[in-house]
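Okay, structure first, notes after.
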Amino acid sequence: MGTYRISHLAERSGVPASTLRFYETAGLLPAERTPAGYRVYDDEAVQRLAFISSAKLLGLALDEIGDLLTVWERGVCAAVRERMLPLVAARIADADRRAAELSAFSAHLAAFHTELGEPAPAGGCGPDCGCLTTTMAKPGPVPLTLTSGQPDIPANDQTWQTAPVACTLSSGEQTERATQWHQLLQEADSREEITDGLRLTFPPGPDLAARIAALAAAEQDCCAFFAFTLQLTPTGLVLTIRAPETATALLADLFGVSA
């Protein structure tokens with residue numbers, strides 16, 4: 001049976017050492033200790049980590065994964081499948097709900113975009129010019145608050161402020177995600193650092209709104225400590241990103257916020 005230090009397990013699995021420590025704290029990935037206090041893992045821990053990573057790809061929450069691990073430890077695949085079936089069914093329903101929300105938001109943006117393409121009235125903007133209101137929605141911003149992949153979470157939920165600052169992506173996936181954010185940020189018209197985070201303004205457009213929302217949702221699935229709010233205003237799309245103080249380094253890494 002092989003043994004691995006935390007750096008070796010991180011290299012073998014592609015999961016950052018910080019995430020491995022977080023899994024240990026959450027009770028998902030126990031580690032033995034050497035007399036000097038170093039963490040060591042065996043081959044069973046490698047298999048356990050593979051199961052955790054697979055469950056994360058399905059969008060399962062850490063408490064759900066912990067519950068599944070108690071069944072997985074018994075070594076009966078049929079029992080694992082039986083416990084996993086309703087969890088995956090719930091994720092399907094949640095994904096369908098989120099897709100419907102994005103589709104409705106995209107349709108609203110498309111209608112607003114069509115109105116903006118109509119001939120403008122003479123003179124300055126007014127209540128009926130189309131810049132401040134549409135025939136399909138009330139005036140003012142239309143918020144789309146992205147929450148983690150769990151149903152029935154209220155829009156004003158503030159759990160991100162106390163969520164553990166740990167990312168479940170591998171180092172390669174983290175690099176790819178950072179590249180996606182950096183490419184998207186190049187399309188922003190303006191940026192403003194705010195308390196706890198950053199506010200970005202983008203030009204209006206349904207395709208861009210869908211891309212922003214999809215990337216923000218993917219980010220929150222692996223980093224629950226981020227809070228994203230996307231709004232449609234008369235002048236464009238406004239993305240607000242917030243995170244707890246302990247995530248300042250990650251805010252700087254992904255979004256260029258001052259440390």
Examine [X] and [Y] and state if one hydrophobic cluster contains both, with Ile, Leu, Val, Met, Phe, Trp and Tyr joined whenever side-chain heavy atoms are less than 4.5 Å apart.
{"X": "Ile52", "Y": "Val88", "result": "yes"}
{"X": "Phe51", "Y": "Val46", "result": "yes"}
{"X": "Ile92", "Y": "Ile65", "result": "yes"}
{"X": "Leu198", "Y": "Val238", "result": "no"}
{"X": "Phe22", "Y": "Ile6", "result": "yes"}

If every non-hydrogen atom of [X] is compared with every non-hydrogen atom of [Y], which pair is closest and at what distance?
{"X": "Phe228", "Y": "Glu219", "value": "CZ-CG, 3.7 Å"}
{"X": "Ala10", "Y": "Pro16", "value": "CB-C, 4.3 Å"}
{"X": "Leu28", "Y": "Gly66", "value": "CD2-CA, 3.5 Å"}
{"X": "Arg177", "Y": "Leu215", "value": "CD-CD1, 3.7 Å"}
{"X": "Ile194", "Y": "Arg199", "value": "CG2-NH1, 3.5 Å"}
{"X": "Leu200", "Y": "Leu185", "value": "CD1-CD2, 3.2 Å"}

Between Glu73 and Arg48, is there a side-chain N and carboxylate O pair less than 4.0 Å apart?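 Result for this pair is yes, salt bridge flagged.
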salt_bridge(Arg39, Glu24) N-O dist < 4.0 Å: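 Yes, this pair counts.
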Under a 3.5 Å cutoff, is there a donor and acceptor pairing between the side chains of Asp42 and Tyr4?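 Distance-only check fails for Asp42 and Tyr4.
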Is it the case that the side chain of [X] and the backbone of [Y] share a donor-acceptor pair, with hydrogens and angles ignored and the cut-off at 3.5 Å?
{"X": "Ser13", "Y": "Leu9", "result": "yes"}
{"X": "Arg191", "Y": "Phe255", "result": "yes"}
{"X": "Ser54", "Y": "Ala50", "result": "no"}
{"X": "Thr70", "Y": "Asp67", "result": "yes"}

Would you say the side chain of [Y] lies within less than 4.5 Å of the side chain of [X], judging by non-hydrogen atoms?
{"X": "Pro244", "Y": "Asp196", "answer": "no"}
{"X": "Phe202", "Y": "Ile212", "answer": "yes"}
{"X": "Gln231", "Y": "Leu239", "answer": "no"}
{"X": "Val71", "Y": "Glu82", "answer": "no"}

Cation-pi, Tyr41 ring and Arg5 (6.0 angstrom, 45 degrees):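 Judged by the rule (NZ or CZ under 6.0 Å from the ring centre, within 45° of its axis), Arg5 is not positioned above Tyr41.
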If you draw a 6.0 Å radius around CD in Glu11, do more than 12 non-hydrogen atoms from other residues or ligands fall strictly inside?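 Atom CD in Glu11 is not packed in, count stays at 12 or less.
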Might you work through the side-chain contact (heavy atoms from CB on, under 4.5 Å) test for Leu68 and Leu87, ending with a clear yes or no? CA-CA 10 Å; Leu68 278 172; Leu87 298 177; 3.9 Å; yes
To the nearest 0.5 Å, what is the distance between [atom1] on [X] and [atom2] on [Y]?
{"X": "Leu208", "Y": "Leu184", "atom1": "CG", "atom2": "CG", "value": "6.5 Å"}
{"X": "Leu49", "Y": "Arg12", "atom1": "CG", "atom2": "CZ", "value": "10.0 Å"}
{"X": "Met84", "Y": "Leu60", "atom1": "CE", "atom2": "CG", "value": "6.5 Å"}

Give the intermediate values and the outcome of salt bridge (charged side-chain N to carboxylate O under 4.0 Å, His left out) for residues Glu187 and Arg211. CA-CA 12 Å; Glu187 301 183 48; Arg211 286 169 48 209; 2.5 Å; yes
